**Q** 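Before I ask anything, let me first share the structure, which is written out below as structure tokens.
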Amino acid sequence: MFNNVLGQSPDRKKKWQALYYLSQLDGKRLSFEEAIGKLKKIYAQVDDKELSQQALLLAEEMIGEKFSETILSSLIQKYRSGFPVDLLYLKKLSLFREQGDVGRYESVLVEFLSLFPEHAKFKELKNDLEEIKKSNTAKVVVGVVLPLTGKLAATGQKVLQGIQLAYSRLLEESRRMIYLDVKDSSDARGLEKTLSNLARNPKVVGVLGPLLSDEIKRAGVVADSFRIPVFSPTASSAGLVESSSYLFRNALTRKIQAQFLAEYSINTLKLKRFVILHPLEPFGEELKDEFLKAVEAFGGEIVGIASYDRSQNDFKNQILELGGIADDDLDRMTRKQLLDNQGQEDFSDPAVLSRPRVDMEHWSEDEIENLKVSLELGYDAMFIPGVYDKVGLIIPQLAFYNIEKIALLGGKGWNSPELVKMGGKFLKSVYFVDGFYSDSHQVRVRKFVELFEKNYGESPSHFSAQAYDAAGMFFKSITSGADNRLKLRESLMKVKNYPGVTGKTSMLESGDSEKNIFSLTVKRKKIVEEN
């Protein structure tokens, strides 16, 4: 039909439109040279400027996604100059940048600048050429993008220390091969520009950082555009890395915490039935949801859920909702049941979370004397995904309402000496998780802590530890042959059981990490490692 329009229609615009549709068909048939030939004619015509622009966009898409180096070279040789030779050269630059081929990248840059002195990208590419000529002698560059000034400078410095310590552990030959190009990301508005400037250098194989979840979302656009791995050691919000196949992270996500805690509780502690008491905050909601899914996946059961506001200090209503009963009420309820000869409530009823248990009783005619009663709970553990300041208030109140003799479970927000001070004698069967434990008995963790303290005069934070491992995975991949960004991405996706100080780590296809993290508890008024 389109060929008929070309041969018979007197309407020139319709002919150009027909030619455009034929070029689309050529592209679908992988007849790229024929497609480009048609698009070149359409772009040069003056009858339909809008169609010319469509031809440009289609050519950009086709060249960007479908053309091999062989096709690029063939078409450059055929057309020499003008449209679409500039697009063909730009695609070649992209390929050589991804391959880390600095020599050919520089050669194509020189050719492009000679052929297209009036091009919109001339100044940008000229700057690229100047940067390459004055760059260092290292074969591979790793970008590091962190906040080193401003309100997040302290965190950025801790992350940088972890990266630098990992770098110092490399053999001298590897340090000569790899150069760390550190950039300050404190000006959030300039993040994309900072990343793009790094990514334009073909020696840069990947970027460690940035830190914040919002920054990672924005970094994904640059990562996709330049096909460069961006690896955050800290960003922990849900669903971050799924937006780009070039985004990775080594953060302790809420999903990792919840899944590990659920598996540990069910498979190691042999717990089966759980209730959840969570804060009405985004992190609390996410931990609650992830724990619920994980418990059900491992064959456990969630039998009750209650929530509290961050401003609360009195948690009576929530504790009663989860089956707690004060001593006076428990005594009165039990006496009534005994006097009325009432049967025990059945835990198979999902509404029943607790019931009185008579430990001792003595009848004197119709009076009950020496009654001792406790509260029997219809669950084995309570998950409280809060922070130590509120958890330290909740746990003694649980005991006041007779919720005892169950396991109390928490996330990394529990890991503070302040919890031990606040919880005191009520911290009996508590288990919580964290991605890093500086007092661990594991040899690799002890060695890391010793090296960190020797180099920086202070104990490492979990940010330093996560960065140390992220950098270690980068460097191990590079020294094993991943000397360009495409190889590095492939290598990172194959990481399995990396022996990190934040637990054995595997990278998932999504770019997220999967970890065997630390299970912690409290013994003799001190937080200790359980696993």
Side-chain angles (χ1 to χ4, degrees), residues 232-241 248-279 283-302 380-388 391 406-416 419 429-442 444-445 462-463 465-466 469-470 473 495-522 527-531:
S232 175
T234 57
S236 61
S237 294
L240 277 185
V241 293
F248 298 85
R249 62 174 165 184
N250 186 46
L252 179 62
T253 64
R254 287 139 200 169
K255 183 175 182 179
I256 289 174
Q257 294 178 62
Q259 286 188 330
F260 181 88
L261 191 60
E263 181 180 11
Y264 186 78
S265 299
I266 293 171
N267 292 341
T268 301
L269 300 178
K270 306 303 179 184
L271 309 175
K272 291 296 181 185
R273 288 164 61 89
F274 303 81
V275 294
I276 302 174
L277 177 56
H278 67 93
F283 80 90
E285 295 278 2
E286 187 180 338
L287 279 165
K288 177 257 295 181
D289 291 341
E290 293 293 349
F291 186 74
L292 193 154
K293 287 188 289 187
V295 164
E296 292 178 347
F298 287 110
E301 184 182 5
I302 302 293
D380 308 310
M382 180 183 294
F383 177 45
I384 314 175
V387 181
Y388 68 87
V391 175
I406 60 166
L408 300 177
L409 313 173
K412 72 182 298 294
W414 285 36
N415 191 10
S416 169
L419 176 68
S429 297
V430 296
Y431 304 91
F432 51 101
V433 295
D434 207 338
F436 179 65
Y437 178 57
S438 60
D439 291 327
S440 172
H441 57 74
Q442 296 178 26
R444 61 177 174 269
V445 176
H462 66 283
F463 290 131
Q466 288 168 192
D469 284 349
M473 283 183 263
V495 170
K496 300 295 178 190
N497 294 319
Y498 176 80
V501 298
T502 58
K504 285 186 177 180
T505 303
S506 298
M507 299 307 298
L508 305 175
E509 280 190 23
S510 65
D512 253 326
S513 54
E514 188 175 60
K515 289 175 172 291
N516 179 31
I517 57 177
F518 295 90
S519 174
L520 306 175
T521 189
V522 176
I527 294 173
V528 296
E529 187 176 2
E530 180 75 9
N531 61 333

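For clarity, every value in this text was computed on a predicted model and none was experimentally measured.
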**Q** Checking Glu529 now: which residues fulfil salt bridge (Lys or Arg N to Asp or Glu O under 4.0 Å) with it, not counting sequence neighbours?
**A**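 For Glu529, no residue satisfies salt bridge (Lys or Arg N to Asp or Glu O under 4.0 Å) once neighbours in sequence are set aside.
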**Q** Mind checking what makes side-chain hydrogen bond (donor to acceptor under 3.5 Å, both in side chains) contact with Glu290, not counting sequence neighbours?
**A**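 If we apply the side-chain hydrogen bond (donor to acceptor under 3.5 Å, both in side chains) test to Glu290, skipping adjacent residues, there are no hits.
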**Q** If you apply the rule side-chain contact (heavy atoms from CB on, under 4.5 Å), what do you find for Leu287 with Gln257, and how did you get there?
**A** CA-CA 8 Å; Leu287 279 165; Gln257 294 178 62; 4.2 Å; yes
**Q** Going by salt bridge (Lys or Arg N to Asp or Glu O under 4.0 Å), name the residues that satisfy it together with Glu514, two or more places apart in sequence or in a different chain.
**A** none
**Q** For residues Gln466 and Thr234, report the shortest heavy-atom separation together with the two atoms involved.
**A**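 Shortest heavy-atom separation between Gln466 and Thr234 comes out as NE2-CA, 3.9 Å.
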**Q** Taking only residues two or more places apart in sequence or in another chain, which ones pass side-chain hydrogen bond (donor to acceptor under 3.5 Å, both in side chains) with Thr502?
**A** Asp469, Lys515
**Q** Looking only at heavy atoms, what is the nearest atom pair of Ala251 and Ser513, with distance?
**A**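 Taking every non-hydrogen atom into account, O-OG, 3.8 Å.
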**Q** So which heavy atom on Asn516 is nearest to which on Phe260, and how close?
**A** OD1-CE1, 3.1 Å
**Q** Just wondering, do Phe283 and Val387 contact through their side chains at under 4.5 Å, heavy atoms?
**A** yes
**Q** Can you name the residues that form a salt bridge (Lys or Arg N to Asp or Glu O under 4.0 Å) with Asp380, not counting sequence neighbours?
**A** none
**Q** Using a 4.5 Å cut-off on heavy atoms from C-beta on, say whether the side chain of Trp414 contacts that of Leu520.
**A**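 No, side chains not in contact.
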**Q** For Val522, give me all partners under side chain to side chain contact (heavy atoms under 4.5 Å, CB included), at least two apart in sequence or on another chain.
**A**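 With neighbours one apart ignored, the set is Val420, Leu427, Val430, Phe432, Ile527.
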**Q** At what distance, to the nearest 0.5 angstrom, does NE2 of His278 lie from CD1 of Ile384?
**A**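 Atom-to-atom, His278:NE2 and Ile384:CD1 are 12.0 Å apart.
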**Q** Is there a donor-acceptor contact under 3.5 Å from the side chain of Ser506 to the main chain of Asn497?
**A**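 Looks like yes, one N/O pair under 3.5 Å.
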**Q** Output a table of donor-acceptor pairs, distance under 3.5 Å, between side-chain atoms of residues 261-274 and any protein atom two or more places apart or on a different chain; print 'none' if there are none.
**A**
residue : atom : partner : partner atom : Å
Ser265  : OG   : Leu261  : O            : 2.7
Lys270  : NZ   : Asn267  : O            : 2.9
Arg273  : NE   : Gly378  : O            : 2.6
Arg273  : NH1  : Glu301  : OE1          : 3.2
Arg273  : NH2  : Gly378  : O            : 3.0

**Q** Could you list the residues that satisfy salt bridge (Lys or Arg N to Asp or Glu O under 4.0 Å) with Lys255, not counting sequence neighbours?
**A**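 Applying salt bridge (Lys or Arg N to Asp or Glu O under 4.0 Å) to Lys255 gives none.
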**Q** Report the distance from atom CD of Gln259 to atom CZ of Phe298, rounding to the nearest 0.5 Å.
**A** 6.5 Å
**Q** Using the side-chain contact (heavy atoms from CB on, under 4.5 Å) rule, take Val495 and Thr505 through it: C-alpha gap first, then chi angles, then the decisive distance, then the call.
**A** CA-CA 8 Å; Val495 170; Thr505 303; 5.5 Å; no
**Q** Considering residues at least two apart in sequence or located in another chain, which fulfil the side chain to side chain contact (heavy atoms under 4.5 Å, CB included) criterion with Val445?
**A** Phe436, Ser440, Gln442, Val449, Val501, Phe518
**Q** Using the side-chain hydrogen bond (donor to acceptor under 3.5 Å, both in side chains) criterion, which residues pair with Ser237? Sequence neighbours excluded.
**A** Ser213
**Q** Using every non-hydrogen atom in the two residues, find where Phe291 and Ala258 come nearest and quote the distance to one decimal.
**A**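 Answer, listing the atom of Phe291 first, then Ala258: N-CB, 3.4 Å.
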**Q** Can you list everything that forms a side-chain hydrogen bond (donor to acceptor under 3.5 Å, both in side chains) with Lys412? Sequence neighbours excluded, please.
**A** none
**Q** Evaluate the side-chain proximity of Ile517 to Asp434: yes if any heavy-atom separation is below 4.5 Å, no if none is.
**A** no
**Q** State, to 0.1 Å, how close Val241 and Ser510 come at their nearest heavy-atom pair, and which atoms those are.
**A** CG2-O, 3.3 Å
**Q** Among residues at least two apart in sequence or on other chains, which ones pass side chain to side chain contact (heavy atoms under 4.5 Å, CB included) with Tyr388?
**A** Ser416, Glu418, Leu419
**Q** Taking all heavy atoms of Arg249 and all of Met507, pick out the closest pair and write down the distance.
**A** O-CE, 3.7 Å
**Q** Is the shortest heavy-atom distance from the side chain of His462 to the side chain of Leu252 under 4.5 Å?
**A**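 No - every pair of side-chain heavy atoms lies 4.5 Å or more apart.
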